[in-house]
Undergrad: 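Before anything else, here's the structure in question.
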Amino acid sequence: MKFFVDTAEIDQIKELNDLGMVDGVTTNPSLIAKSGRDILEVTKEICDMVDGPVSAEVVALEADDMLAEGRKLAKIADNIAVKVPLTWAGLKTCKTLTDEGTMVNVTLCFSANQAILAAKAGATFISPFIGRLDDLNLDGLELIEDIRTIYDNYGFETNILAASIRSANHMSDCAKIGADVCTAPPNVIKAMANHVLTDKGLDAFMADAKKAGIKIV
Ligand code: E4P
């Protein structure tokens, strides 16, 4: 399973990228706004740092305008994946950009039917939002499972990019289901390292090492 980091904060991406934890990056208009940076500038900086796909989202609603924005974003770097919403205009834009050789990430997916349409439109990535479904007491992981089954049934090549991930458990659950990629905020990726028994065990080892005066260097 690939890890994309879901942020536009350069320092946080760099920290994880230096550890080999970043296979790509996803942004959205809210994350760009939070960074306080110009979308074109910050996206270029991210693309220069990270080898894998970097998703940059359009902000237009009509297909022609989306296409113009998508083409401009695609010119930033070869590793741009243009992010479009799962609307008819977004699907139309997806088809055209895909035919032009640009990677497309179809976002705001909340149903298996939407995921089928994105695959038919040639999307490189489909982004089902787990956390936002869970927030409504619906089952985000079940959606990932359904899309995995459907894509495998028909050999759709669109990558399942599990998004809106809120916890470390979501990451391993998505891996078990067979999501191709998980995109998560840096704090969630870091939280995957935490375990109370690791902390407890380490405390005991440190106490014994101190008692015995163990020194290595
Ligand atoms: C990533 O592509 C999505 O935009 C992001 O994961 C949404 O996450 P949120 O629901 O926590 O805002």
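Just follow the structure's listing: the first ligand is 1, and inside any ligand the first atom is 1. Position 1 is the first residue of the sequence; numbering continues from there.
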Undergrad: Please check: side-chain N/O of Gln114 versus main-chain N/O of Ser111, any donor-acceptor pairing under 3.5 Å?
TA: yes

Undergrad: Output all residues satisfying salt bridge (charged side-chain N to carboxylate O under 4.0 Å, His left out) with Glu62, sequence neighbours left out; order by chain, then residue number.
TA: none

Undergrad: Considering only the protein, which heavy-atom contact is closest to atom 5 (C) of ligand 1, and what is its distance?
TA: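 For atom 5 (C) of ligand 1, the nearest protein heavy atom comes out as Asp6 OD2, 3.0 Å.
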
Undergrad: Any idea which atoms of ligand 1 are less than 4.0 Å away from a heavy-atom of Phe129?
TA: 3 (C), 4 (O), 7 (C)

Undergrad: Does any N or O atom in Ser164 lie less than 3.5 angstrom from one in ligand 1, N or O only?
TA: yes

Undergrad: Give me the residue, atom name and distance of the protein heavy atom closest to atom 11 (O) of ligand 1.
TA: Arg166 NE, 3.3 Å

Undergrad: Within the 4.0 Å heavy-atom shell around Lys83, which atoms of ligand 1 are there?
TA: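 Listed by number with element, the hits are 1 (C), 2 (O), 3 (C), 4 (O).
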
Undergrad: With a 3.5 Å distance limit and no angle check, can you tell me whether Thr158 reaches the backbone of Phe125 through a side-chain donor-acceptor pair?
TA: no

Undergrad: For Ser127 and Thr107, test the side chains for any donor-to-acceptor distance below 3.5 angstrom and give the result as yes or no.
TA: no

Undergrad: Give me each pair satisfying side-chain hydrogen bond (donor to acceptor under 3.5 Å, both in side chains) with a member in residues 202-217, each pair once, sequence neighbours excluded.
TA: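 Every pair satisfying side-chain hydrogen bond (donor to acceptor under 3.5 Å, both in side chains) with a residue in residues 202-217: there are none.
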
Undergrad: Which ligand 1 atoms does Arg132 reach within 4.0 Å, using its non-hydrogen atoms?
TA: 7 (C), 9 (P), 10 (O), 12 (O)

Undergrad: Take atom CG of Leu40 as the centre, draw a 6.0 Å sphere, and report whether it contains more than 12 heavy atoms from other residues, nucleotides or ligands.
TA: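 More than 12 heavy atoms, drawn from other residues, nucleotides or ligands, come within 6.0 Å of this atom.
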
Undergrad: Identify the closest protein heavy atom to atom 4 (O) of ligand 1: which residue and atom is it, and at what distance?
TA: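 Of the protein heavy atoms, Asn28 ND2, 2.8 Å lies nearest.
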
